[in-house]
Number of protein chains: 2
Amino acid sequence: MATIYDVAKLAGVSPKTVSRVINGDAPVNSKTRETVELAIAELNYVPSKAARSMRSQRSGLIGLITGAISSTSAGEPAGLPDIHIVQGAQRVLADNGMTVLISDTGDKPERVSKLVQTLLEHRVEGLIYVAEFHQKLQLPILAKGFPLVLANCFDDLGTAAVLPDDKNGQYELTKGLIEKGHSRIGFLTVPESILARELRLDGYKQALNEYGIAYDPELVITAALSDDAHEFDLLWDSIDRLLNTPIKPTVICCANDKMAMRVYGLLRERGIRLPEQMSLTGYDNYRVICDHLHPTLTSAELPYEAIGARAAEKLLAMIKAGKQPIETSVDLVSGPVIWRESVTAEDSSVLQFKSTRRSEK
Amino acid sequence: MATIYDVAKLAGVSPKTVSRVINGDAPVNSKTRETVELAIAELNYVPSKAARSMRSQRSGLIGLITGAISSTSAGEPAGLPDIHIVQGAQRVLADNGMTVLISDTGDKPERVSKLVQTLLEHRVEGLIYVAEFHQKLQLPILAKGFPLVLANCFDDLGTAAVLPDDKNGQYELTKGLIEKGHSRIGFLTVPESILARELRLDGYKQALNEYGIAYDPELVITAALSDDAHEFDLLWDSIDRLLNTPIKPTVICCANDKMAMRVYGLLRERGIRLPEQMSLTGYDNYRVICDHLHPTLTSAELPYEAIGARAAEKLLAMIKAGKQPIETSVDLVSGPVIWRESVTAEDSSVLQFKSTRRSEK
DNA sequence: CGGTGTCATGACATCGATGTCATGACATCG
DNA sequence: CGATGTCATGACATCGATGTCATGACACCG
């Protein structure tokens with residue numbers, strides 16, 4: 001590969017002059033510039049970042065650690081694939097002239113510190129750690145003050161983090177359902193081990209509360225996440241319980257789109273027409289599922305792309321601030337609810353009836 | 001960040017000795033080694049790849065260009081997300097001590113040459129280009145002899161490439177169906193613009209042929225790919241045509257899992273029970289869909305992870321060969337058929353079981 | 001005409017690691 | 001005892017780019 005010396009030789013100038021042409025940081029005679037540019041083209045010269053970053057002490061690299069790239073093979077979490085977070089981060093970073101170095105844990109958390117080491121060898125200017133689902137964790141400690149942003153996760157040490165606003169998502173979803181005339185709203189949640197559970201439940205309750213609808217614990221059922229047959233039976237039972245409550249729900253909120261996809265099949269097997277006899281919602285806005293299920297599935301978006309983008313922006317700000325410590329913070333990112341065919345809107349008469357009833361209370 | 005000089009100073013030795021300790025490439029007195037190792041730990045020293053690769057002329061970096069990372073937002077292709085190809089490549093490369101630099105076209109193909117430039121600045125030792133679906137394309141030309149592997153695509157110039165064996169996948173799928181007793185096999189294909197169409201059709205025909213089943217063009221219907229409402233009507237029509245053939249098919253092969261997901265809904269809307277009254281297959285083995293549809297969906301795997309891995313192996317071999325030109329080639333990678341609940345086996349015992357149960361009602 | 005300023009360019013050192021060669025301390029051998 | 005070999009270590013140059021400083025050519029001014 002050609003070097004700046006080769007170019008200089010061919011153009012009959014000093015390497016420094018070539019450098020000036022490339023960087024445009026000092027005046028160069030236009031005739032000289034032309035000769036140099038010709039030589040560059042002739043030799044297919046591309047400057048070496050390694051040499052540059054040695055002088056400048058800036059690599060232009062950002063390290064991104066994720067399990068995303070291997071996660072789909074193993075026990076996959078229920079949500080959207082976190083690759084969308086990588087997507088968002090990569091876009092923002094590329095727009096700012098940074099190149100992204102990815103490394104993947106391969107689902108072996110103990111590898112993280114070795115990956116970090118490799119990234120530091122490349123002198124990344126900052127790190128983003130992407131978790132597969134909203135969780136709390138503890139990374140091996142880096143040098144103090146090294147720019148690090150956690151995406152989709154957070155820790156105890158006050159490290160900068162960007163998280164999905166799960167409470168708000170379920171709140172907006174529930175609120176929308178109520179405004180469309182639903183008041184018996186079934187809720188299939190995930191197990192307690194999942195952080196999002198409580199947050200979403202809070203959003204659900206808040207919406208009910210604002211509209212004066214009493215919270216009925218019978219309508220909230222914990223459904224399992226995992227994919228094996230046993231859990232599948234449990235989901236079946238959960239639905240039975242919902243359908244057998246004194247006043248049947250008119251809509252079921254599923255903890256995520258995958259669960260909703262199963263519920264489509266289960267409900268139809270017992271002859272229930274969708275959405276006429278039962279409305280359904282998911283969570284994640286997993287496009288492949290939501291757009292292609294029939295009827296298409298209403299879902300609250302898990303704003304992964306935006307989380308990635310925000311994490312990147314935060315990181316860039318931290319890098320820019322340099323030594324001056326920016327106060328780190330935890331950002332919540334909200335996503336919209338995407339209304340699709342799986343939810344019926346009851347007609348105005350019903351709404352009227354309902355509001356009447358409410359005022360009767 | 002600490003340098004080798006800092007370590008040397010702290011340990012009271014020369015930088016070269018530190019280098020020897022790090023690389024273990026020459027004998028060092030065990031006492032000296034200990035002192036040096038202590039100093040390294042003390043200073044959190046991490047050697048700089050930039051400096052190393054300047055001397056060694058090896059960056060340890062592989063460039064990976066993809067549209068994957070932005071593809072889901074725009075007009076998404078029908079298949080599996082190509083991120084799985086990245087997955088496979090990253091795994092193999094990491095196992096070989098290489099770090100992956102990703103860059104994304106952001107769905108703007110004209111950006112490719114700029115991305116290549118950036119990757120070359122980082123002195124990547126090779127490049128993998130990942131396409132979103134099986135296609136022919138033309139990359140901007142690199143320096144001749146620069147290690148490059150195309151994944152999920154190929155060109156006219158005989159560049160090394162790794163492709164899915166679409167013909168074999170559909171062949172195995174069709175063969176399996178025949179062996180399970182199906183002989184009227186509907187086939188919803190993708191438009192002619194898609195390369196996989198002809199390949200898969202060939203596989204379908206070959207299987208029929210081997211079992212002496214006549215090819216009936218009426219059973220093969222071109223269904224659209226895109227997601228808008230109009231195309232959706234067309235899919236409906238396609239299914240009608242299939243159901244109205246003189247002898248109805250007992251199974252419908254869909255061009256991909258997403259299409260199959262829609263067909264589930266469409267068939268059920270007209271009261272057809274799955275899989276009892278109609279078997280279904282997809283293509284891609286898009287796990288989120290196949291595992292979670294009810295009944296679970298039989299599908300031929302689009303072996304993206306393996307394609308990525310193979311591409312990486314090919315690239316590493318090319319790099320290792322160096323100047324000696326390895327003969328480039330196009331590899332086909334086959335994936336298995338994953339048999340799930342959506343296909344009934346029509347052998348006598350099953351038929352008997354069914355009729356028994358039905359008569360019990 | 002000499003002093004001063006501007007423009008275009010080059011010589012040289014430097015970033016951090018490591019290959020090459022040299023050196024000094026010992027051990028071993030004839 | 002002197003020659004030779006081995007071991008442990010260091011001095012120095014080098015990879016490719018660029019910051020610093022110097023230099024030569026020329027214009028302009030008093």
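Chain naming here is simple, since letters A, B, ... match the order of the sequence lines and numbering starts at 1 in each. Values reported hereafter were calculated over all heavy atoms of this structure, with side chains retained and with hydrogens, waters and symmetry mates removed. Fair warning: this is a prediction, and the values are worked out from it, not measured in the lab.
Atom C1' of nucleotide D:dG16 and atom CD1 of A:Ile4 are separated by 8 Å, given to the nearest angstrom. As rounded to whole Å, 15 Å separates atom C1' of C:dG19 from atom CD1 of B:Ile22. For B:Lys49 and C:dA17, the NZ to C1' distance is 12 Å, given to the nearest whole Å. Summarising the geometry, the separation between CE on B:Met1 and C1' on C:dG16 is reported as 13 Å, rounded to the nearest angstrom. Rounded to whole Å, atom C1' of C:dG19 lies 6 Å from atom NZ of B:Lys16. The CZ atom of A:Arg33 sits 14 Å away from the P atom of C:dC7 (whole-angstrom rounding). Across the protein-nucleic acid pair, A:Gln57 atom CD and D:dG19 atom P stand 12 Å apart, rounded to whole Å. Per the geometry, CZ belonging to A:Arg20 stands 20 Å off P belonging to D:dG16, to the nearest Å.
Between B:Arg111 and B:Asp104 there is no salt bridge, since none of the side-chain N atoms of the basic residue sits less than 4.0 Å from a carboxylate O of the acidic one.
Under 3.5 Å, the side chains of A:Asn152 and A:Tyr129 contain no donor-acceptor pair of N or O atoms. Checking B:Ser56 against B:Ser53 by side-chain atom types alone, no donor-acceptor pair falls below 3.5 Å.
Phosphate proximity of C:dT18 to B:Ser19: present, with a side-chain N or O under 4.0 Å from OP1 or OP2. When the side-chain nitrogen and oxygen atoms of A:Thr17 are compared with OP1 and OP2 of C:dG10, one or more of them lie within a distance under 4.0 Å. For C:dA11, the OP1/OP2 oxygens have no side-chain nitrogen or oxygen of A:Tyr5 closer than 4.0 Å.
At the heavy-atom level, A:Thr32 lies under 4.0 Å from the strands shown only through sugar-phosphate atoms. Note on B:Val18: nothing from the nucleic acid sits closer than 4.0 angstrom, heavy atoms only. The residue B:Arg55 sits close to a base: some heavy atom pair falls under 4.0 Å. Looking at heavy-atom distances under 4.0 Å, A:Ser56 makes no contact with the nucleic acid at all.
Set against C:dT9, C:dA17, D:dG16, the side chain of A:Thr3 has D:dG16 as its closest nucleotide. Side chain of B:Met54, nearest nucleotide from D:dC15, C:dG10, C:dA17: D:dC15. Of the candidate nucleotides C:dT9, C:dG10, D:dG10, C:dT9 has the atom nearest to the side chain of A:Val28.
Partner of B:Glu305 under the side chain to side chain donor-acceptor pair (under 3.5 Å) criterion, out of B:His84, B:Arg91, B:Arg310: B:Arg91 alone.
For A:Asp165, the side chain to side chain contact (heavy atoms under 4.5 Å, CB included) partners are A:Lys167, A:Asn168, A:Leu332, A:Ser334, not counting sequence neighbours.
Pair assignment for C:dG30 gives D:dC1, based on Watson-Crick or G-U wobble hydrogen-bonding distances that are each under 3.5 Å.
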